[in-house]
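Everything below concerns the one structure shown next.
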Amino acid sequence: MTKIPMVHREIKRFSDGECYVRLHESLNNEDVILIQNSYPDSNIIEYFLLVDAIRQYEIKSLTSIIPYFGYGRQDKRFNEGEPISAKVFAEHLSENVDRIITINLHNPEVINWFKVPAMEIKAEKILAKYFEKFNPDIIISPDKGSMERAKYLSELLNKPFVTLEKKRIDSETVEIQTGNIDVKNKVVAIIDDMISTGGTIATASSILKNLGASKIVVGCVHGLFVANALNRIQRSVDVIFSTDTIENEKSVVSVAGEIAQKIL
Ligand code: R5P
């Protein structure tokens with residue numbers, strides 16, 4: 001096994017909330033890896049300061065690993081006057097790093113907006129292994145955006161898949177049409193790239209439970225679970241899990257191995 005030492009670093013906040021970082025080791029002549037999400041906002045500040053702190057040394061290279069790329073959903077100007085936030089952060093997070101590795105971008109096209117070579121790791125395979133334990137009868141994508149993911153899972157587990165029709169009303173509310181779906185007495189697996197407010201999954205799963213699903217198992221890559229998302233979801237969902245791109249009480253599937261493989 002290759003062992004890569006971890007750098008002793010200090011990160012704290014001043015009384016006014018400003019961020020302070022310090023590296024307690026020299027990084028001269030090293031290939032350096034920085035792992036930091038661009039979510040929540042406080043992590044973005046840490047990222048920029050850490051990149052600058054790292055760059056004071058004569059390093060060989062700096063690889064930035066962004067397990068969850070925040071702001072990825074604002075990938076166009078939905079309304080006049082808005083920024084394209086995903087582009088803003090893809091460009092700025094590229095500054096002073098040599099390459100970027102990220103996991104399941106909300107829109108895979110965003111990879112082209114980074115200004116340095118960038119690579120996206122897909123976590124579906126490791127999610128599939130976990131889903132397998134529950135032996136689902138049917139795989140559901142809660143919207144068109146996750147259709148390819150559900151299809152991939154259905155091929156791996158050799159089960160049928162169905163894509164639901166989702167209409168977003170506001171940031172916490174969605175409307176979902178199931179069409180002619182038969183889930184009576186079936187174990188249903190729902191896969192999504194992320195769960196934020198839980199609106200999508202709570203709505204989809206309550207409809208599926210009303211249609212007679214015997215068990216609902218939900219897995220996602222990025223578990224943001226903001227506010228009372230988990231409470232909302234757990235009303236109709238039997239099992240919920242995510243990867244640890246954002247560590248939380250449901251992050252039982254680790255992406256560490258996938259990242260390590262890419263690094264090596
Ligand atoms: C949407 O396109 C995404 O794939 C997720 O379905 C969505 O972002 C989840 O958000 P929420 O949990 O707030 O419904």
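Just so it is clear, the model here is predicted, and its values are computed rather than measured. Note that ligands are numbered from 1 as they come in the structure, with each ligand's atoms numbered from 1 the same way.
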Cation-pi geometry met for Lys12 and Tyr20 (6.0 Å, 45°) = yes
Does the side chain of Ser242 reach to within under 4.5 Å of the side chain of Met194, using non-hydrogen atoms?
-> no
Closest non-hydrogen protein atom to [atom], residue and atom name please, with distance?
atom                    : value
atom 5 (C) of ligand 1  : Asp192 OD2, 3.4 Å
atom 13 (O) of ligand 1 : Thr197 OG1, 2.6 Å
atom 14 (O) of ligand 1 : Thr200 OG1, 2.6 Å
atom 8 (O) of ligand 1  : Arg73 NH1, 3.0 Å

With rounding to the nearest 0.5 angstrom, report the [atom1] to [atom2] distance, [X] to [Y].
X      : Y      : atom1 : atom2 : value
Phe225 : Glu249 : CZ    : CD    : 8.0 Å
Leu34  : Asn96  : CG    : CG    : 12.0 Å
Ile233 : Ser206 : CD1   : OG    : 12.0 Å

Would one find an N or O of Gly198, backbone or side chain, under 3.5 Å from an N or O of ligand 1?
-> yes
Side chain, backbone, both or neither: the part of [X] lying under 4.0 Å from ligand 1 by heavy atom:
X      : answer
Arg168 : side chain
Asp143 : side chain
Met194 : both

If we number the atoms of ligand 1 from 1 as shown, the ones under 4.0 Å from a heavy atom of Ile195 are 12 (O)
Using a strict 4.0 Å cut-off to heavy atoms of His106, name the atoms of ligand 1 that fall inside it.
-> 1 (C), 2 (O), 3 (C), 4 (O)
Any link between Leu164 and Ile190 through a network of hydrophobic side chains (Ile, Leu, Val, Met, Phe, Trp, Tyr) touching at under 4.5 Å?
-> yes
Which of parallel (below 30°), tilted (30 to 60°) and perpendicular (above 60°) describes Phe241 and Tyr130?
-> tilted
Option with minimal heavy-atom separation from atom 3 (C) of ligand 1, where the choices are Asp193, Asn107, Ile190 | Asp193
Take atom CD in Glu82; do more than 12 heavy atoms of anything else shown fall under 6.0 Å from it?
-> yes
